[in-house]
Amino acid sequence: MSRRDPRAVHILGVLRRQVGDRFDAGLLDGPRGKGAVVSIGSDTLTLAFAWSEPPPPLAPIHLLIGLPRPQTARDILRDITSLGVAAMHFIRLEKGEASYASSSLWKTDEWRECAIHGAAQAFCTRLPEITRGRSLSDAIASLPADATRFALDNYESTTPLGQCDAARAKPVVLAVGSERGWSARERNLLRETGFVFAGLGPRVLRTETACVAAVTLVRAKLGLT
């Protein structure tokens with residue numbers, strides 16, 4: 001590969017590998033393994049790979065997230081991918097800011113690059129399903145029918161998320177509203193489709209912080225390490 005390739009720049013400049021050195025590697029949605037530096041030319045880098053088994057399946061956790069401001073979305077895409085969820089759906093909500101959907105994050109492949117960085121951080125090759133732009137009702141219709149469903153809400157939560165039951169054999173859906181919260185109509189729809197309103201305590205958290213905290217709690221509930 002070219003030494004200008006971002007992967008080559010990382011291997012040589014960040015990892016500082018030399019000829020004969022090894023490093024962790026992986027193929028997207030494929031196996032993990034070890035790479036080795038074979039030769040370093042003036043313009044090219046030659047590598048060799050030995051592949052092992054693919055990583056385990058992603059956790060059966062699906063997120064519905066009110067489309068946030070672009071920098072928040074970048075953080076969520078990276079960090080929630082690192083935590084190994086099955087899907088993230090960035091949805092249109094009544095109190096959300098419509099202009100966020102016009103960000104270059106979504107109009108280019110930057111959103112995918114954020115997810116790839118998150119997977120690489122976790123030494124995982126699997127990427128979650130990622131969608132954007134659907135309505136709450138359309139997103140709910142696509143969810144696993146047997147999933148346990150929680151909606152985070154600072155005002156109408158009936159129990160702390162950490163005390164909610166989540167069956168280990170079933171998927172879990174976490175719904176996180178926009179920065180301005182849920183509308184009355186959205187709350188009614190969530191109730192009608194089996195969501196339990198849950199909270200993360202009395203402190204008001206940023207969207208990206210709430211997503212990480214909620215996924216971490218659910219992973220523990222599902223017995224995932």
Side-chain angles (χ1 to χ4, degrees), residues 29 55-91 93 96 105 111-132 134 136 139-140 142-144 146-154 156-179 181-182 186 190 193-225:
D29 292 317
L58 296 171
I61 302 172
H62 302 248
L63 268 73
L64 304 182
I65 307 164
L67 192 66
R69 63 188 66 206
Q71 185 52 51
T72 299
R74 291 182 182 96
D75 292 340
I76 292 170
L77 285 161
R78 182 193 64 236
D79 294 343
I80 299 304
T81 298
S82 289
L83 288 171
V85 304
M88 284 182 271
H89 305 292
F90 293 86
I91 56 177
L93 296 178
L105 169 68
W111 63 271
R112 179 175 168 84
E113 291 301 316
C114 291
I116 290 173
H117 285 314
Q121 175 64 44
F123 282 47
C124 183
T125 62
R126 299 191 188 278
L127 295 182
E129 176 189 2
I130 299 171
T131 68
R132 67 185 187 279
R134 288 189 291 180
L136 176 60
I140 290 174
S142 72
L143 296 173
D146 62 340
T148 304
R149 303 178 177 193
F150 303 111
L152 300 186
D153 194 308
N154 287 332
E156 296 198 18
S157 60
T158 56
T159 186
L161 181 62
Q163 296 179 13
C164 293
D165 292 328
R168 294 192 177 189
K170 293 184 177 182
V172 174
V173 177
L174 291 167
V176 183
S178 69
E179 294 169 344
W182 305 106
E186 288 163 350
L190 290 166
T193 51
F195 282 83
V196 173
F197 286 99
L200 292 171
R203 307 181 78 87
V204 178
L205 304 177
R206 289 178 178 271
T207 304
E208 60 270 40
T209 306
C211 287
V212 170
V215 170
T216 302
L217 283 171
V218 170
R219 285 185 62 90
K221 288 282 185 182
L222 297 177
L224 302 172
T225 57

Study note, to complete from the structure: Rounded to the nearest 0.5 angstrom, the CG-CD1 distance for L67 and I91 is 9.5 Å

Practice item. Scan residues 57-72 for pairs that pass salt bridge (Lys or Arg N to Asp or Glu O under 4.0 Å), counting only residues two or more places apart or in two chains. Key: R69-E179

Check your understanding: Just by modelled atom types, is the L77 backbone N or O under 3.5 Å from a matching donor or acceptor in the T81 side chain?
Key -> yes

Review point. Can you find a heavy atom in the side chain of I65 that is under 4.5 Å from one in the side chain of I76?
Key: yes

Revision key, fill the gap. So CG of D153 and CZ of F195: to nearest 0.5 Å the spacing works out to 12.5 Å

Check your understanding: If every non-hydrogen atom of P70 is compared with every non-hydrogen atom of L105, which pair is closest and at what distance?
Key -> O-CD2, 3.7 Å

**Study point:** Residue Q121 excluded, over 12 heavy atoms near CD under 6.0 Å
**Key:** no

Point to revise | Note, M88 side chain near E129 side chain (heavy atom, < 4.5 Å) | key: no

Check your understanding: For G66 and L93, which heavy atoms make the closest approach, and how far apart are they?
Key -> CA-CD1, 3.5 Å

Practice item. Would you mind reporting whether L58 and V85 have side-chain heavy atoms less than 4.5 Å apart? Key: no

Point to revise | side-chain contact (heavy atoms from CB on, under 4.5 Å) assessment of S157 paired with L152 | key: CA-CA 7 Å; S157 60; L152 300 186; over 6 Å; no

Point to revise | Nearest non-hydrogen partners of H89 and R134, listed with the distance | key: ND1-NH2, 3.0 Å

Exercise for review: For the residue pair L222 and I61, establish whether any side-chain heavy-atom pair is separated by less than 4.5 Å.
Suggested key: yes

Check your understanding: Can you name the nearest heavy-atom pair linking L224 to P60, along with the distance?
Key -> CD1-CD, 4.4 Å

Practice item. State the OG1-CG distance between T207 and D75, to the nearest 0.5 angstrom. Key: 10.5 Å

Exercise for review: Would you check if L200 and L217 make a side-chain contact, meaning some heavy-atom pair closer than 4.5 Å?
Suggested key: yes

Check your understanding: After noting the C-alpha distance and the side-chain angles of V215 and I80, does the key distance pass the side-chain contact (heavy atoms from CB on, under 4.5 Å) rule?
Key -> CA-CA 8 Å; V215 170; I80 299 304; 4.1 Å; yes

Revision key, fill the gap. To the nearest 0.5 Å, atom NE2 of H117 lies from atom OG of S82 at 11.0 Å

Check your understanding: Going through the checks in order, is the side-chain contact (heavy atoms from CB on, under 4.5 Å) test met by L174 and L64?
Key -> CA-CA 6 Å; L174 291 167; L64 304 182; over 6 Å; no

Review point. Do R149 and L143 come close enough that some side-chain heavy atom pair is under 4.5 Å?
Key: yes

Check your understanding: Side chain of T158, backbone of F197: donor and acceptor closer than 3.5 Å?
Key -> yes

Review point. Rounded to the nearest 0.5 Å, how far apart are CZ of R112 and CG of L127?
Key: 5.5 Å

**Study point:** D165, CG atom: more than 12 neighbouring heavy atoms under 6.0 Å
**Key:** no

Check your understanding: Sub-3.5 Å donor-acceptor pair from the side chain of T216 to the main-chain atoms of V212, do we have one?
Key -> yes

Practice item. State, with a plain yes or no, whether a side-chain heavy atom of W111 is found less than 4.5 Å away from one of R74. Key: no

Practice item. Please report the shortest heavy-atom distance between T72 and E208, naming the atom on each side. Key: CG2-OE1, 3.3 Å

Exercise for review: For residues P144 and H62, report the shortest heavy-atom separation together with the two atoms involved.
Suggested key: CG-NE2, 3.8 Å

Review point. Under 4.5 Å between any side-chain heavy atoms of T131 and F90, yes or no?
Key: no

Exercise for review: Drop me the distance from L83's CG to R219's CZ, to the nearest 0.5 angstrom.
Suggested key: 6.5 Å

